[in-house]
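So the structure is just underneath, and the comments pick up after that.
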Amino acid sequence: MRAVLTAVLALVRHEVRLMASLGLWVVRRTHGTGGGGRAFGYARGQGPVMAGLAFVCLVETLMMSVLLRNWPTAHAVVLFLDVYTVVFVVALHAASVVRPHVLGADGLRIRHGVHVDLRVPLERIASVRREPRTTHERADGELNVPVAFQTSLTLELTAPVEHVTLLGRLRRVRVVRLHAEDADALVGALTALTRARAE
(Lines give C-alpha, C1' and ligand atoms only; values in the text may rest on other atoms or scores of the structure.)
Protein backbone atom coordinates (compact mmCIF):
# COMPACT_ATOMS: atom_id res chain seq x y z
CA MET A 1 0.00 0.00 0.00
CA ARG A 2 2.83 2.36 0.87
CA ALA A 3 4.49 1.74 -2.50
CA VAL A 4 1.23 2.56 -4.30
CA LEU A 5 0.82 5.79 -2.31
CA THR A 6 4.42 6.78 -3.08
CA ALA A 7 3.85 6.14 -6.79
CA VAL A 8 0.61 8.16 -6.80
CA LEU A 9 2.30 11.09 -5.02
CA ALA A 10 5.19 10.95 -7.50
CA LEU A 11 2.76 11.08 -10.44
CA VAL A 12 0.86 14.02 -8.89
CA ARG A 13 4.15 15.87 -8.34
CA HIS A 14 5.08 15.11 -11.95
CA GLU A 15 1.80 16.60 -13.24
CA VAL A 16 2.21 19.74 -11.09
CA ARG A 17 5.75 20.28 -12.37
CA LEU A 18 4.59 19.77 -15.96
CA MET A 19 1.90 22.44 -15.62
CA ALA A 20 4.36 24.80 -13.88
CA SER A 21 6.76 24.26 -16.80
CA LEU A 22 3.97 25.14 -19.23
CA GLY A 23 3.48 28.41 -17.34
CA LEU A 24 7.21 29.18 -17.48
CA TRP A 25 7.23 28.45 -21.21
CA VAL A 26 4.36 30.87 -21.81
CA VAL A 27 6.21 33.70 -20.00
CA ARG A 28 9.55 32.68 -21.60
CA ARG A 29 11.41 31.90 -18.40
CA THR A 30 13.61 28.96 -17.42
CA HIS A 31 13.86 26.89 -14.27
CA GLY A 32 17.04 26.51 -12.22
CA THR A 33 19.33 28.59 -14.42
CA GLY A 34 20.08 31.40 -11.96
CA GLY A 35 23.16 31.69 -9.79
CA GLY A 36 25.72 31.99 -12.58
CA GLY A 37 25.11 28.61 -14.20
CA ARG A 38 25.36 28.17 -17.96
CA ALA A 39 22.35 26.59 -19.66
CA PHE A 40 22.62 24.02 -22.45
CA GLY A 41 19.42 23.22 -24.31
CA TYR A 42 18.43 19.84 -25.68
CA ALA A 43 14.76 20.13 -26.72
CA ARG A 44 15.08 21.35 -30.32
CA GLY A 45 15.45 17.84 -31.75
CA GLN A 46 12.14 16.66 -30.33
CA GLY A 47 10.12 19.74 -31.34
CA PRO A 48 8.76 18.42 -34.66
CA VAL A 49 7.84 15.05 -33.11
CA MET A 50 5.97 16.68 -30.23
CA ALA A 51 4.20 19.11 -32.60
CA GLY A 52 3.10 16.16 -34.75
CA LEU A 53 1.85 14.26 -31.71
CA ALA A 54 -0.10 17.30 -30.45
CA PHE A 55 -1.66 17.70 -33.93
CA VAL A 56 -2.75 14.04 -34.02
CA CYS A 57 -4.30 14.40 -30.55
CA LEU A 58 -6.12 17.56 -31.67
CA VAL A 59 -7.53 15.80 -34.75
CA GLU A 60 -8.69 12.92 -32.56
CA THR A 61 -10.40 15.40 -30.22
CA LEU A 62 -12.34 16.90 -33.12
CA MET A 63 -13.30 13.48 -34.52
CA MET A 64 -14.52 12.19 -31.16
CA SER A 65 -16.58 15.35 -30.68
CA VAL A 66 -18.37 14.63 -33.95
CA LEU A 67 -18.86 10.91 -33.20
CA LEU A 68 -20.21 11.51 -29.67
CA ARG A 69 -22.35 14.57 -30.36
CA ASN A 70 -25.57 12.61 -29.64
CA TRP A 71 -24.30 11.33 -26.24
CA PRO A 72 -23.71 14.48 -24.13
CA THR A 73 -22.30 12.77 -21.04
CA ALA A 74 -19.85 10.60 -22.96
CA HIS A 75 -19.00 13.60 -25.14
CA ALA A 76 -18.17 15.76 -22.11
CA VAL A 77 -15.98 13.09 -20.49
CA VAL A 78 -14.07 12.26 -23.67
CA LEU A 79 -13.68 15.94 -24.57
CA PHE A 80 -12.14 16.65 -21.16
CA LEU A 81 -9.72 13.73 -21.51
CA ASP A 82 -8.79 14.66 -25.08
CA VAL A 83 -8.16 18.33 -24.26
CA TYR A 84 -6.08 17.32 -21.25
CA THR A 85 -4.04 14.99 -23.48
CA VAL A 86 -3.24 17.86 -25.87
CA VAL A 87 -2.24 20.09 -22.93
CA PHE A 88 -0.13 17.23 -21.50
CA VAL A 89 1.79 16.75 -24.77
CA VAL A 90 2.48 20.49 -25.08
CA ALA A 91 3.57 20.58 -21.42
CA LEU A 92 6.01 17.70 -22.01
CA HIS A 93 7.78 19.74 -24.66
CA ALA A 94 7.57 22.94 -22.60
CA ALA A 95 9.24 21.16 -19.66
CA SER A 96 12.19 20.20 -21.87
CA VAL A 97 12.55 23.77 -23.14
CA VAL A 98 12.41 25.50 -19.74
CA ARG A 99 14.54 22.93 -17.88
CA PRO A 100 17.88 22.80 -19.74
CA HIS A 101 21.08 21.17 -18.53
CA VAL A 102 22.95 23.60 -16.27
CA LEU A 103 26.71 23.73 -15.80
CA GLY A 104 27.85 25.58 -12.69
CA ALA A 105 30.96 25.90 -10.57
CA ASP A 106 29.93 22.91 -8.44
CA GLY A 107 28.87 20.52 -11.18
CA LEU A 108 26.53 19.59 -14.00
CA ARG A 109 22.78 19.33 -13.60
CA ILE A 110 21.48 16.87 -16.21
CA ARG A 111 17.78 17.13 -16.99
CA HIS A 112 15.12 15.89 -19.32
CA GLY A 113 11.89 17.74 -18.76
CA VAL A 114 10.59 16.82 -15.32
CA HIS A 115 11.50 13.13 -15.73
CA VAL A 116 15.24 13.37 -15.05
CA ASP A 117 17.07 15.76 -12.72
CA LEU A 118 20.54 14.42 -11.90
CA ARG A 119 23.26 16.49 -10.21
CA VAL A 120 26.82 15.39 -10.96
CA PRO A 121 29.53 17.08 -8.85
CA LEU A 122 32.61 18.17 -10.79
CA GLU A 123 34.89 16.05 -8.59
CA ARG A 124 33.01 12.90 -9.65
CA ILE A 125 33.59 13.46 -13.38
CA ALA A 126 36.45 11.27 -14.63
CA SER A 127 35.98 12.03 -18.33
CA VAL A 128 33.57 13.59 -20.80
CA ARG A 129 33.58 12.96 -24.53
CA ARG A 130 31.55 13.69 -27.64
CA GLU A 131 29.89 10.39 -28.56
CA PRO A 132 26.81 10.48 -30.82
CA ARG A 133 24.57 7.43 -30.34
CA THR A 134 21.14 6.45 -31.56
CA THR A 135 20.85 3.06 -29.81
CA HIS A 136 20.92 2.61 -26.05
CA GLU A 137 20.79 -0.68 -24.18
CA ARG A 138 19.80 -0.62 -20.53
CA ALA A 139 22.66 -1.68 -18.23
CA ASP A 140 23.36 -1.55 -14.51
CA GLY A 141 25.22 1.58 -13.49
CA GLU A 142 24.36 3.44 -16.69
CA LEU A 143 21.81 6.18 -17.32
CA ASN A 144 20.78 7.11 -20.86
CA VAL A 145 18.95 10.42 -21.32
CA PRO A 146 18.17 10.49 -25.05
CA VAL A 147 16.24 13.16 -26.93
CA ALA A 148 14.54 11.97 -30.12
CA PHE A 149 16.36 8.63 -29.60
CA GLN A 150 19.84 10.20 -29.61
CA THR A 151 22.56 11.14 -27.16
CA SER A 152 25.57 13.22 -28.10
CA LEU A 153 28.00 12.94 -25.20
CA THR A 154 29.09 10.52 -22.49
CA LEU A 155 30.21 11.18 -18.91
CA GLU A 156 32.20 8.60 -16.98
CA LEU A 157 32.32 9.11 -13.22
CA THR A 158 34.92 8.27 -10.60
CA ALA A 159 32.19 7.19 -8.17
CA PRO A 160 28.47 6.54 -8.54
CA VAL A 161 25.85 9.24 -8.12
CA GLU A 162 22.28 8.55 -7.08
CA HIS A 163 19.49 8.94 -9.60
CA VAL A 164 15.86 8.88 -8.45
CA THR A 165 13.46 7.58 -11.11
CA LEU A 166 10.03 9.04 -11.83
CA LEU A 167 8.36 6.62 -9.40
CA GLY A 168 10.98 7.10 -6.68
CA ARG A 169 13.26 4.13 -7.31
CA LEU A 170 16.92 4.76 -6.47
CA ARG A 171 19.62 3.89 -9.01
CA ARG A 172 23.38 4.34 -8.67
CA VAL A 173 25.03 5.31 -11.95
CA ARG A 174 28.66 5.67 -13.06
CA VAL A 175 28.09 6.33 -16.77
CA VAL A 176 25.68 8.97 -18.08
CA ARG A 177 24.82 9.55 -21.73
CA LEU A 178 22.91 12.69 -22.61
CA HIS A 179 22.04 14.98 -25.48
CA ALA A 180 22.84 18.67 -25.86
CA GLU A 181 22.20 20.86 -28.89
CA ASP A 182 25.70 22.31 -28.60
CA ALA A 183 27.50 19.22 -27.38
CA ASP A 184 30.96 20.50 -28.35
CA ALA A 185 30.50 23.64 -26.24
CA LEU A 186 29.31 21.59 -23.26
CA VAL A 187 32.25 19.17 -23.56
CA GLY A 188 34.68 22.10 -23.83
CA ALA A 189 33.22 24.00 -20.87
CA LEU A 190 33.05 20.88 -18.70
CA THR A 191 36.61 19.86 -19.58
CA ALA A 192 37.90 23.35 -18.76
CA LEU A 193 36.12 23.35 -15.38
CA THR A 194 37.37 19.90 -14.37
CA ARG A 195 40.94 20.78 -15.40
CA ALA A 196 40.84 24.06 -13.48
CA ARG A 197 39.55 22.22 -10.42
CA ALA A 198 42.37 19.63 -10.66
CA GLU A 199 45.10 22.30 -10.79
Side-chain angles (χ1 to χ4, degrees), residues 1-34 39-102 109-119 134-138 143-151 162-171 173 176-181:
M1 184 65 182
R2 186 176 178 181
V4 172
L5 183 59
T6 301
V8 169
L9 288 175
L11 290 173
V12 169
R13 186 169 54 245
H14 176 266
E15 296 292 306
V16 170
R17 288 177 178 169
L18 272 182
M19 295 308 135
S21 297
L22 188 57
L24 287 173
W25 190 50
V26 169
V27 298
R28 297 181 177 272
R29 295 184 62 189
T30 55
H31 175 273
T33 55
F40 291 88
Y42 54 83
R44 192 183 313 143
Q46 73 179 17
V49 174
M50 299 304 282
L53 184 57
F55 177 75
V56 168
C57 291
L58 186 59
V59 169
E60 191 229 353
T61 300
L62 296 173
M63 294 303 295
M64 291 304 291
S65 291
V66 171
L67 291 173
L68 296 174
R69 66 184 178 275
N70 295 325
W71 294 277
T73 303
H75 177 261
V77 171
V78 172
L79 180 62
F80 172 79
L81 293 174
D82 282 345
V83 169
Y84 185 78
T85 301
V86 173
V87 172
F88 181 83
V89 169
V90 174
L92 282 175
H93 180 63
S96 294
V97 172
V98 303
R99 293 171 181 262
H101 306 308
V102 181
R109 187 175 184 183
I110 299 167
R111 302 196 284 188
H112 187 254
V114 296
H115 310 306
V116 176
D117 192 346
L118 177 69
R119 295 172 190 266
T134 54
T135 57
H136 304 90
E137 293 182 11
R138 187 178 172 91
L143 176 64
N144 297 306
V145 191
V147 175
F149 307 105
Q150 65 177 335
T151 56
E162 293 184 345
H163 166 60
V164 180
T165 65
L166 175 63
L167 296 179
R169 199 172 126 244
L170 197 64
R171 289 187 62 208
V173 297
V176 183
R177 296 184 185 89
L178 63 144
H179 179 67
E181 291 162 8

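None of these values were measured; they are calculated from a predicted model.
Looking at residues two or more places apart in sequence or on another chain, you find a side-chain contact (heavy atoms from CB on, under 4.5 Å) between Leu5 and Leu9. Partners of His163 under the ring-ring contact (aromatic ring centres under 6.0 Å, His included) rule, at least two apart in sequence or in another chain, do not exist in this structure. By the ring-ring contact (aromatic ring centres under 6.0 Å, His included) test, His179 is found to be paired with no residue, residues two or more places apart in sequence or in another chain being considered. Under the side-chain contact (heavy atoms from CB on, under 4.5 Å) criterion, Leu167 pairs with Ala7, Leu11, sequence neighbours left out.
Atom CZ of Arg177 is separated from atom CD1 of Ile110 by 12.0 Å, given to the nearest 0.5 angstrom. Distance check: Leu178 CG to Leu118 CG gives 9.5 Å after rounding to the nearest 0.5 Å. Between atom CD of residue Gln150 and atom NE2 of residue His136 there is a gap of 8.5 Å, rounded to the nearest 0.5 Å.
A donor-acceptor pair is defined here as one N or O able to donate and one able to accept, closer than 3.5 Å; no such pair exists between the side chain of Glu181 and the backbone of Phe40.
Heavy atoms only, all atoms of each residue included: His93 and Gly47 are closest at CE1-CA, 3.7 Å. Closest of all the heavy-atom pairs between Gln46 and Leu92 is NE2-O, 4.3 Å. Pairing each heavy atom of His101 with each of Ala180, the nearest pair is CD2-CB, 4.3 Å. Listed here is the closest heavy atom pair of Glu137 and Asn144: O-ND2, 3.6 Å.
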Under 3.5 Å, side-chain donor or acceptor atoms of residues 13-28 against the rest of the protein: list the pairs with distances, not counting sequence neighbours.
| residue | atom | partner | partner atom | Å |
| --- | --- | --- | --- | --- |
| His14 | NE2 | His115 | ND1 | 3.1 |
| Glu15 | OE1 | Tyr84 | OH | 2.1 |
| Ser21 | OG | Arg17 | O | 2.9 |
| Ser21 | OG | Arg99 | NE | 3.0 |

Compile the donor-acceptor pairs under 3.5 Å between side chains in residues 53-75 and protein atoms, sequence neighbours left out, one pair per line.
| residue | atom | partner | partner atom | Å |
| --- | --- | --- | --- | --- |
| Thr61 | OG1 | Cys57 | O | 2.9 |
| Ser65 | OG | Thr61 | O | 3.0 |
| Arg69 | NH1 | Val66 | O | 2.5 |

